[in-house]
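Take a look at the structure below.
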Amino acid sequence: MSFRGLSRPNARSGMGVADESKTTFHELQRKKTHRYVVFRIDESKNEVVVEKTGNPAESYDDFLGSLPDNDCRYAVYDFDFVTSENCQKSKIFFFAWSPETSHIRAKVLYSTSKGQFRRELHGIHYEIQATDPTEVGLEVLRERAN
């Protein structure tokens with residue numbers, strides 16, 4: 001069974017993925033029109049939707065500032081870096097943001113929906129699950145990417 005504008009819902013959470021979410025991810029991945037995308041679960045629509053995008057000039061601090069202090073989100077970030085061989089590279093990170101101060105219901109909802117959503121985003125290089133800002137520092141991305 002499919003829903004117009006949605007991928008097949010996750011059997012456990014019943015959560016679909018809005019076409020806009022997939023399109024926006026592909027714009028980040030292929031066209032480099034976004035530095036990052038923050039997604040939220042819209043329970044009234046029963047789907048994962050785009051909450052915010054960051055333009056290519058925005059910094060990692062801008063991205064971190066877009067994650068709420070007390071609610072869960074998914075996000076992707078296009079991380080540019082230079083290797084030890086002096087090569088310019090880019091890796092896409094998927095974030096499952098679940099701060100300790102968020103409600104248990106939100107934590108469960110995001111946790112059970114993550115697998116389905118993550119599978120819809122082809123081309124993710126690394127995944128980070130974080131409950132605290134120290135777990136998403138820029139040094140964490142550098143360490144993983146190299």
Can you see which heavy atom on [X] is nearest to which on [Y], and at what distance?
| X | Y | result |
| --- | --- | --- |
| Ala130 | Val136 | CB-CG1, 3.4 Å |
| Pro56 | Thr33 | CD-O, 3.4 Å |
| Asp71 | Ala106 | OD1-CB, 3.8 Å |

Charged N-O contact under 4.0 Å between Glu120 and Lys22: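 Answer for the salt bridge query: yes.
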
Are the charged groups of Lys32 and Asp78 less than 4.0 angstrom apart, N to O?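 The answer is yes: the pair qualifies as a salt bridge.
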
If you measure from [atom1] on [X] to [atom2] on [Y], what distance do you get to the nearest 0.5 Å?
| X | Y | atom1 | atom2 | answer |
| --- | --- | --- | --- | --- |
| Arg73 | Ser66 | CZ | OG | 9.5 Å |
| Cys72 | Arg40 | SG | CZ | 13.5 Å |
| Phe39 | Glu20 | CZ | CD | 9.0 Å |
| Thr24 | Lys31 | OG1 | NZ | 10.5 Å |

Yes or no on side-chain contact (heavy atoms from CB on, under 4.5 Å) for Lys89 and Val82, after CA distance, side-chain angles and deciding distance? CA-CA 6 Å; Lys89 295 252 182 168; Val82 178; over 6 Å; no

Go through the steps to decide whether Asp132 and Thr134 satisfy the test side-chain hydrogen bond (donor to acceptor under 3.5 Å, both in side chains), and finish with yes or no. CA-CA 5 Å; Asp132 181 273; Thr134 61; 2.5 Å; yes

Heavy-atom side-chain proximity of [X] to [Y] below 4.5 angstrom:
| X | Y | result |
| --- | --- | --- |
| Ile41 | Ser113 | yes |
| Met15 | Gln116 | no |
| Asn55 | Arg35 | no |
| Thr112 | Lys114 | no |
| Leu121 | Phe94 | yes |
| His122 | Gln29 | no |

Can you list the steps and then say if Val50 with Val37 is a side-chain contact (heavy atoms from CB on, under 4.5 Å)? CA-CA 7 Å; Val50 173; Val37 182; 4.1 Å; yes

Establish whether [X] and [Y] are linked, either directly or via other cluster members, by ILVMFWY side-chain heavy-atom contacts under 4.5 Å.
| X | Y | result |
| --- | --- | --- |
| Tyr126 | Leu67 | yes |
| Phe81 | Leu64 | yes |
| Tyr36 | Val48 | no |

Go through the steps for Ile124 and Arg118 under the test side-chain contact (heavy atoms from CB on, under 4.5 Å), then give the verdict. CA-CA 8 Å; Ile124 298 288; Arg118 171 75 170 71; 3.4 Å; yes

Centres of the Phe63 and Phe95 rings: under 6.0 Å? yes

Thr53/Glu27 under side-chain contact (heavy atoms from CB on, under 4.5 Å): CA gap, chis, key distance, verdict: CA-CA 11 Å; Thr53 59; Glu27 289 171 352; over 6 Å; no

So, [X] side chain and [Y] main chain: donor-acceptor pair closer than 3.5 Å or not?
| X | Y | answer |
| --- | --- | --- |
| Glu135 | Thr131 | yes |
| His125 | Ile92 | yes |
| Ser90 | Asp80 | no |

Tell me whether the rings of Tyr74 and Tyr110 are parallel (<30°), tilted (30 to 60°) or perpendicular (>60°). tilted

Once you measure the plane-to-plane angle for Phe79 and Tyr77, does it fall in the parallel (<30°), tilted (30-60°) or perpendicular (>60°) bin? tilted

Please table the atom pairs, donor to acceptor, closer than 3.5 Å between any side-chain atom in residues 137-146 and protein atoms at least two apart or in another chain.
residue, atom, partner, partner atom, Å
Arg144, NH1, Glu127, O, 2.8
Asn146, ND2, Arg142, O, 3.2

Give me each pair satisfying side chain to side chain donor-acceptor pair (under 3.5 Å) with a member in residues 91-109, each pair once, sequence neighbours excluded. Glu43-Arg105

